[in-house]
Amino acid sequence: MEPSTEEVLALYSAGIIHAAQLHGSIPAEQIKILQNKGITVIHATNNPQSVKKSPANYIMFDSAKPGSGKRADWDKISHLQRPFIIAGGLTANNVAQAITKFQPDIVDVSSGVETDGKKDPQKIKSFIRSVRNAK
Ligand SMILES: O=C(O)c1ccccc1NCC(=O)[C@H](O)[C@H](O)COP(=O)(O)O
């Protein structure tokens with residue numbers, strides 16, 4: 001469940017967060033309210049229109065099922081001239097390809113560095129090695 005704008009603002013006012021990652025169809029007005037208060041907004045989406053038009057500070061292009069290990073549809077978008085995070089089904093085996101294609105500011109991984117549902121130190125090391133070697 002997405003938190004309300006008020007809940008995000010309350011966490012920010014309490015000094016608990018300085019950025020918020022919001023998923024799905026987020027109205028531009030909601031994003032601007034948060035930004036006007038000083039919050040950095042990451043808009044996670046698989047919608048190419050949102051990727052282009054969202055006023056968020058960062059766009060995170062993710063799969064249709066976030067956190068599922070399913071790869072985002074890389075054919076839906078191309079390299080973007082805006083702060084960009086690529087997510088969705090990344091692993092040590094494909095992250096370099098994603099970096100070459102999108103030149104993202106950030107890569108996001110979850111299940112691709114897990115074994116049996118738990119973070120796997122060896123997979124994390126291997127993922128970081130692939131990121132460092134990517135061009
Ligand atoms: O991070 C959240 O709060 C969140 C809320 C609702 C849906 C997904 C959420 N996060 C998912 C991620 O940010 C994952 O890291 C991303 O989808 C990549 O997952 P994976 O494909 O397993 O690498």
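Read the numbers this way: they start at 1 and go in the same order the structure lists the ligands and their atoms. Remember, predicted model here, so these are calculated numbers, not experimental data. The first residue of the sequence shown is numbered 1, and numbering continues consecutively from there.
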Discussion item. Given 3.5 Å as the limit, does a donor-acceptor pair link the side chain of S130 with the main chain of S126, or not?
Written reply: yes

Worksheet item: With side chains defined as the heavy atoms from C-beta onward, is the minimum distance between R71 and S63 less than 4.5 Å?
Response: no

Discussion item. Residue by residue, ordered by chain and number, which ones reach under 4.0 Å of ligand 1 with a heavy atom?
Written reply: Q21, H23, M60, D62, P66, G67, S68, G69, G88, G89, D108, V109, S110, S111

Item to complete: Take atom OH of Y58 as the centre, draw a 6.0 Å sphere, and report whether it contains more than 12 heavy atoms from other residues, nucleotides or ligands.
Response: no

Result block: side-chain N/O donor-acceptor pairs under 3.5 angstrom for residues 86-98, not counting sequence neighbours:
| residue | atom | partner | partner atom | Å |
| --- | --- | --- | --- | --- |
| T91 | OG1 | N93 | N | 3.1 |
| T91 | OG1 | N94 | N | 3.3 |
| N94 | OD1 | T91 | N | 2.7 |
| N94 | ND2 | G89 | O | 3.0 |

Item to complete: Indicate yes or no: at least one non-hydrogen side-chain atom of I85 is less than 4.5 angstrom from one of I59.
Response: no

Fill in: Contact check, side chains of D73 and K76, non-hydrogen atoms, under 4.5 Å
yes

